[in-house]
Amino acid sequence: MGKADKDSIAPSAPRSGVSRRSFLKGAGAAGLAASQIGLPALEAEQTRPDEAASLGPDPVPVRFHVNGQPYVVRCEPRVTLADALRDQLGLSGTKVICDRGACGGCTVLLDNEAVVSCMVLAVAAQGKHIQTVEGLAQGDQLDPLQDAFIAHDALQCGYCTPGMLMSCKALLAHNPTPSRSEIKTAISGNICRCGTYPHVFAAVLAASGQPDEG
Ligand code: FES
Ligand code: FES
């Protein structure tokens, strides 16, 4: 857990195409919107007697369980869960592709619900249980869903695969025998540029013990 013990993390790479002027305009608009719609919630949050009034901007400790193991990381409140998992815990199976909630590559399970971790702040995962693609296999024993992905050739370049697996894992946890239509809905947020969708449907049907009738 060496990396997680660091008091600070390397700053994120600058986002391309965002000028200082456009960033400040966006931040101002966001601040105005927050002041209009979020103030009561914010005040309630800040007046909780058992919590600090505000967090950051310096790193703060965040405690959560990842793949069954307890961790404490220190990160600035602006850091996403995806970046904390990758940069502080070294769990690079979670892919950050679009970094804006549009591709599903960073999907993990947060208290058994699929979330895009690039849109979740690490501090928001305080006290929660997270499962990443690294947590699917038990030692050398792959999860049956991973076996089915291999057997049905449900990956090509593999870049979308961790997020795809976690969305399918969440689906099967809630619905052990999903229909093809339900599988489509479950992975509708996962973009596969290689077009492996029919193979993913076949893999999930096989992993759930159902025939693939096309
Ligand atoms: S990297 Fe998170 S949704 Fe694309
Ligand atoms: S297997 Fe290449 S993006 Fe899905």
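As the structure lists them, so they are numbered: ligands from 1, and atoms in each ligand from 1.
Minimum interatomic distance between C118 and D99 (heavy atoms only, all atoms of both residues): CB-OD1, 3.5 Å. Summarising the geometry of S167 relative to A186, their closest heavy-atom pair is CB-O, 3.9 Å, with the distance given to 0.1 Å. Of all the heavy atoms in G105 and I97, the pair that sits closest is CA-CD1, 3.9 Å.
Looking only at heavy atoms of the protein, atom 1 (S) of ligand 2 is closest to Q156 N, 3.3 Å. Counting protein heavy atoms only, atom 3 (S) of ligand 2 is closest to R193 N, 3.3 Å.
Defined by atom type and a distance below 3.5 Å, a donor-acceptor pair is present between the side-chain atoms of E182 and N175.
Under a 4.0 Å criterion applied to the non-hydrogen atoms of C192, ligand 2 contributes the atoms 1 (S), 3 (S), 4 (Fe). Atoms of ligand 2 found under 4.0 Å from any heavy atom of G158, numbered from 1 in the order shown, are 1 (S), 2 (Fe).
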Would you tabulate the side-chain donor-acceptor contacts of residues 145-165 under 3.5 Å, counting partners in other chains and residues two or more places apart, or write 'none'?
from	atom 1	to	atom 2	distance (Å)
Q146	OE1	D143	N	2.9
Q156	NE2	C194	O	3.4
T161	OG1	G158	O	3.3

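Between L205 and I183 the shortest side-chain heavy-atom distance falls below 4.5 Å. Inter-residue side-chain proximity for L136 and Q131 is flagged as met; some heavy-atom pair is nearer than 4.5 Å.
No more than 12 heavy-atom neighbours from other residues, nucleotides or ligands sit within 6.0 angstrom of CG on N112.
Using a cut-off of 2.8 Å, one finds that C157 contributes no N/O/S atom close to atom 4 (Fe) of ligand 2. Metal site remark for atom 4 (Fe) of ligand 2: C194 contributes no N, O or S atom at a distance under 2.8 Å.
Of all protein N, O or S atoms, those under 2.8 Å from atom 4 (Fe) of ligand 1 number 2.
A continuous path of Ile, Leu, Val, Met, Phe, Trp and Tyr side chains, each step under 4.5 Å between heavy atoms, connects Y71 with V123, placing both in one hydrophobic cluster.
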